[in-house]
Amino acid sequence: MSKRTKWDTKGDLDESKNLPIYQHKATLQQAVKDNSFLVVTGETGSGKTTQLPQYLHQAGLWGNGKIGITQPRRVAAITVAQRVSQEMHCSLGREVGYQVRFDDCTTQDTVVKYMTDGCLLREILADPVLSQYSVVILDEAHERSLNTDILLGLLKQTLSSPDKASKGRSVPLKVVVMSATLETDKLSVFLGGCPVFTIPGRTFPVTSKFSCAIGPKDTESSVYVKEVVKVALDVHTSEMAGDILVFLTGQSEIEKACDMLYEKAESIDYRYDVQDRKVEGLLILPLYGSMPTDQQKQIFQPPPPGIRKCVVATNIAATSLTINGIKYIVDSGFVKQLNHNSRVGMDILEVVPISKSEALQRAGRAGRTSAGKCFRIYSQEFWEKCMPKYTVPEIQRTSLTTVILTLKCLGVHDVIRFPYLDRPEERFIIEALKQLYQCDAIDRRGKVTRLGELMVQFPLPPGLTRALLQAASLGCEDLLLPVAAMLSVENIFIRPGHPEKQKEADKKHRQLGVQAGSCNDFTMLLSVFEKCKASDAPSAWCKDNYIHWRALKSAFSVETQLREILLRQQNRRDFPMEKFDGNKSELFRRCLCTGYFTNVARRSVGKVFCTMDGHGSMVHIHPSSTLFDQEAQLDWVIFHDLLVTSRIYIRTVCPIRYDWVKDLLPKLHEVDVYELSSVAREEVTDEEVAKWVTKEAAKRQTEGSAEDVFKKLEKRNDESSVSDARARYLQRKQERQQGKAS
DNA sequence: GAGCACTGC
């Protein structure tokens with residue numbers, strides 16, 4: 001309990017009384033008392049995130065349970081909790097706490113708990129009615145993060161069925177959904193027409209201007225990089241004091257833009273100081289996620305007197321980071337987005353126009369401290385013709401395997417008619433079911449298997465979890481745990497931009513492969529993990545070998561977490577165990593096959609491999625692989641992932657023997673779409689399953705030989721999406737080369 | 001012969 005007396009709080013309370021939300025305090029408290037669901041909307045600066053939980057706490061709405069507030073990002077959960085604990089004069093972790101992955105700062109006393117949406121989803125898996133909570137607040141719902149979307153559906157479903165709501169709970173759960181002013185009517189309708197509370201924000205006006213530089217046809221990066229540079233310099237030379245924030249798409253564009261800005265800013269008639277890229281008048285700072293954190297720090301410091309700061313950033317500056325003093329925005333109108341293509345079973349990272357709501361979000365970053373201006377480098381026509389109203393929510397553009405398994409584990413059988421705020425396309429759901437069936441997480445009826453229940457507890461993609469559990473059941477989890485951890489973190493191999501250093505890095509990486517005696521990319525990961533862990537000076541070791549120390553450190557934490565989950569499961573008496581006789585290398589690779597046989601490819605001609613997942617894509621081994629240039633000696637391989645750029649590349653590759661996957665391959669085509677789509681909707685009877693199995697046996701007889709099966713699996717990909725994506729990429733590349741030549 | 005935006009468990 002806090003030692004402070006009540007009058008100590010007076011000053012702070014007065015400050016929070018100035019927030020726009022304060023005059024609605026009583027009404028909000030009452031509204032939560034009167035309704036199961038409530039939508040609260042208010043722009044940044046309204047105080048809803050910090051104040052509402054305190055109001056509910058003061059109103060005694062926590063009763064016997066906690067007030068949980070979810071955030072899509074870890075930093076937000078932590079910083080808001082720190083702030084609120086100060087306002088409530090308690091030490092962090094007592095009445096006010098937070099929980100994010102690897103960091104649980106709560107105690108028995110915690111009643112106001114900030115957490116990431118992923119953490120609450122984990123809690124629901126362990127306790128579906130959230131018996132510890134009296135109120136759940138989903139914050140930033142407009143961002144439409146995958147986890148928040150799932151939570152929305154689950155909370156709606158649990159509470160709208162009185163049967164489920166009462167089970168295990170004495171009092172019904174209260175749900176508050178907080179969102180920026182966009183789409184709140186939709187949310188209210190979704191939640192059964194619940195009231196919407198609007199709180200005025202406390203931001204300053206931002207005026208936006210279009211330009212005619214970028215029209216509907218200009219998607220070439222060199223065009224918009226050049227244009228943002230030009231506009232940023234115009235702002236610098238003609239606008240009043242205030243910092244500039246430029247939105248671009250990625251690291252390389254940002255670096256190009258910074259170089260150009262630096263060069264051109266020098267020629268402006270200022271006295272300048274070349275040292276440390278500081279030009280008198282303009283301080284140019286790149287900002288992107290994979291940047292070293294110490295470099296990021298200076299971005300938040302105010303510039304020296306008389307100098308204007310210009311931050312050139314990715315979308316990271318749109319929501320994740322707030323930079324004070326920004327008065328001008330230069331918006332490129334593009335973003336790099338990962339889209340899942342279920343027809344070809346691939347994720348494709350592409351540059352696409354942002355949505356109108358995203359453009360408004362970007363512009364809003366200029367109005368935090370004073371009135372601002374936003375300069376859009378695209379035309380009004382581009383705005384109208386190319387930019388969708390809203391960004392397609394994550395749930396409609398990502399692979400759904402984990403989501404579907406989670407829902408199934410929570411007893412949601414009909415995963416098509418689950419109340420999604422925006423329903424994913426049916427083929428996405430079908431594809432997820434197929435993958436879950438293939439890695440034994442669900443059976444043919446769509447019911448979660450014992451294995452599936454173990455799998456859902458791991459923060460890993462199902463195939464990898466399957467391989468890990470296979471290894472554990474054969475007593476060799478020590479081989480797979482580090483690999484799973486290494487595959488869950490950002491790329492650990494550093495490849496510098498300078499050609500000289502690049503050569504050196506490549507050499508070091510090759511050496512690591514040889515030392516590891518590793519015959520594949522998975523053992524390479526294992527070896528790097530172990531070598532670094534055993535080193536006396538791990539960070540120096542990483543530097544010397546061009547390995548990302550930050551990434552490796554997080555791999556260590558992930559490995560520990562995975563090991564803990566596994567240990568808990570192994571302590572259960574029913575943990576599956578099998579026997580294996582054979583050498584370690586074979587054991588390791590066979591475990592991988594259990595999870596990755598869906599990612600199997602067979603060499604066809606030269607260096608080209610053909611995938612066996614039914615799409616029959618022609619793929620190449622990525623040059624970063626230890627197996628690159630050894631293709632001729634390979635026949636069958638499995639791979640962790642696939643990358644679409646100038647070619648379709650497979651990355652993290654491992655040679656296997658056909659024998660090891662022979663019995664698994666039929667699984668790739670034994671269930672059909674018709675079957676899965678009925679599984680997705682309704683409970684399937686025993687007779688139906690029996691019918692399918694008979695049909696299949698007949699099918700297999702007519703197919704006959706293994707060669708026939710391959711032919712079927714190698715079915716040429718008739719969908720145009722990948723070739724389209726490739727064509728676009730190649731066109732861009734060609735245009736760039738022409739640009740260089742001229 | 002190499003093109004990784006951003007989150008999260």
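Each chain gets a letter, A, B and so on, in the order the sequences are listed, and its residues count up from 1.
In this entry the distance linking CZ of A:Phe102 with C1' of B:dT7 reads 14 Å, nearest Å. Rounded to an integer number of Å, the gap from A:Leu400 CG to B:dG8 C1' is 15 Å. Going from atom CD of A:Glu358 over to atom P of B:dC6 covers 13 Å, rounded to whole Å. Separating the CG atom of A:Leu146 from the P atom of B:dC6 is a distance of 18 Å, rounded to the nearest angstrom. Atom P of nucleotide B:dC9 and atom CD of A:Glu559 are separated by 19 Å, given to the nearest angstrom.
Considering only side-chain atoms of A:Tyr649, the nucleotide from B:dA2, B:dC9, B:dG8 that sits closest is B:dA2. Side chain of A:Arg495, nearest nucleotide from B:dC4, B:dC6, B:dA2: B:dA2. The side chain of A:Glu394 lies closest to B:dT7 when the candidates are B:dT7, B:dC4, B:dA2.
Shown here is A:Lys226, whose NZ atom has no more than 12 heavy atoms of other residues, nucleotides or ligands within 6.0 Å.
The stretch residues 115-126 of chain A comes close to DNA chain B through A:Thr116, A:Gly118, A:Cys119, A:Arg122, each having a heavy atom under 4.0 Å from the strand.
No engagement by A:Gln502 is indicated, since no non-hydrogen atom pair under 4.0 Å with the nucleic acid exists. When heavy atoms are screened at a 4.0 angstrom cut-off, A:Leu338 is found touching base atoms of the nucleic acid.
A:Phe334 and A:Phe382 have their aromatic ring centers within a separation under 6.0 angstrom.
Using cut-offs of 30° and 60° on the angle between ring planes, the pair A:Phe418 and A:Tyr420 is perpendicular.
Using a 4.0 Å cut-off between charged nitrogen and carboxylate oxygen, A:Arg74 and A:Asp103 do not count as a salt-bridge pair.
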